[in-house]
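Inspection log for the structure reproduced underneath, given as structure tokens.
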Amino acid sequence: MTLYYNPLSHNARVVHWFTTAAEIPVKIEVVNFASGDHKKPEFLKINPVGQVPAYKDGDVSAYESSAIIRYLAARNPTPLYPIDNYVKLGPIDSAYEHIRQKLWDTTSSLFYQTVLGPQFFNTPVDQTKLKSIVEKADAQFKFVNDNYFKDNSSYVVGEQLSIADIALGTVCFHASLAQPQYNITSDKFPKIAKWWEGLKETQHFKEAHKPVFEFLEQMQKGK
């Protein structure tokens, strides 16, 4: 079972983090965009869109992060995505999809404006655009803070780690890289801030994000 991945892709990273937290063994194949790995014929046979993540399990191929996660959960039952329990799955899936649809692009834009563009592509920060992105991120994070973590739960939904936590952790990680221009603070988002501090200390978070920090460090050295 092979997961095709690039550390800078939040879509790929959420799948990698899911496999790490669920202890699903996969071989990681890093797709190098700079060398055009994603456009090579052998990769396009797996994902004709030419993007990551992609997944291959014998004769079965899958792409799109949510589709891969559903496939993995069906093949490897896990409480992180309880595909066989619709009562638990409904709230988890709703939170997961809401976070993906609302915060995915916002935090990616935040990351590009504050880190990727200025540090690696010499693109100056567009302060007007950044202000708009920050305001949008604030509103979206506030909605999550106010509508999830019910009954003082330590998790986004329910009483144990799920794909909803991994999705929110993925966008919080993106936002955290934008410091000092953006911060997830207890005065703005008290529930998220408390949860995020605990999540960062988990072994699955550290293991899943080690390649990201290594990749960013290599990019910084190679500027």
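- By the 4.5 Å heavy-atom criterion applied to side chains, Gln113 and Asp126 are counted as neighbours.
- Side-chain atoms of His10 and Thr107 form no donor-acceptor pair, as typed in the model, at a separation below 3.5 Å.
- Across all their heavy atoms, Gln160 and Pro79 have their closest contact at NE2-CB, 2.9 Å.
- Judged by a 6.0 Å distance limit and a 45° cone about the ring axis, Arg100 is positioned over the six-membered ring of Trp104.
- Under the 3.5 Å distance criterion, with hydrogens and angles disregarded, a donor-acceptor pair is assigned to the side chains of Tyr182 and Asp138.
- Look at Glu201 and Lys206 and you find a salt bridge, because one of the NZ, NE, NH1 or NH2 atoms lies within 4.0 Å of a carboxylate O, short of that distance.
- In terms of hydrophobic clustering, with Ile, Leu, Val, Met, Phe, Trp and Tyr side chains grouped at heavy-atom distances under 4.5 Å, Leu72 and Ile46 are assigned to different clusters.
- The cluster map of Ile, Leu, Val, Met, Phe, Trp and Tyr, joined by side-chain heavy atoms under 4.5 Å apart, puts Val212 and Val52 in different clusters.
- Across Ile28 and His16, no two heavy atoms sit closer than the pair CD1-CD2, 3.6 Å.
- Going from atom OH of Tyr81 over to atom CD1 of Ile163 covers 8.0 Å, rounded to the nearest 0.5 Å.
- Judged by distance alone, with hydrogens and angles left aside, the side-chain atoms of Asp37 form no donor-acceptor pair with the main-chain N or O of Phe33 at under 3.5 Å.
- Across all their heavy atoms, Ala193 and Ile184 have their closest contact at CB-O, 4.1 Å.
- In this structure, a donor-acceptor pair under 3.5 Å is present between the side chains of Tyr96 and Ser66.
- Side-chain polar atoms of Asn47 and Tyr55 form no donor-acceptor pair below 3.5 angstrom.
- Relative orientation of the His204 and Trp17 rings is tilted, given thresholds of 30° and 60° on the angle between their planes.
- Nearest approach of Cys172 to Ile192, heavy atoms of both residues: SG-CG2, 3.9 Å.
- Panel note: side chain Asp165, backbone Leu161; no donor-acceptor pair is recorded below 3.5 Å.
- Side chains of Thr185 and Asp187: a donor-acceptor N/O pair is present below 3.5 angstrom, by distance only.
- The main-chain N or O of Gly58 is found under 3.5 Å from a side-chain atom of Lys56 such that the two form a donor-acceptor pair.
- Among all heavy-atom pairs drawn from Ile99 and Ala164, the shortest one is CD1-O, 3.8 Å.
- In this structure, OG in Ser162 is found 9.5 Å from CG in Asp93, a value given to the nearest 0.5 Å.
- Using a distance-only test at 3.5 Å, with no hydrogens or angles considered, a donor-acceptor pair links the side chain of Ser176 to the main chain of Phe173.
- Neither side chain, Glu29 nor Thr2, offers a donor N or O lying under 3.5 Å from an acceptor on the other.
- Rounding to the nearest 0.5 Å places OG1 of Thr78 at 11.0 Å from CD1 of Ile69.
- Salt bridge annotation for Glu207-Lys210: absent, with no cationic side-chain nitrogen under 4.0 angstrom from a carboxylate oxygen.
- Aromatic ring pairs are classed by plane angle as parallel below 30°, tilted from 30° to 60° and perpendicular above 60°; the pair Phe141 and Phe189 is tilted.
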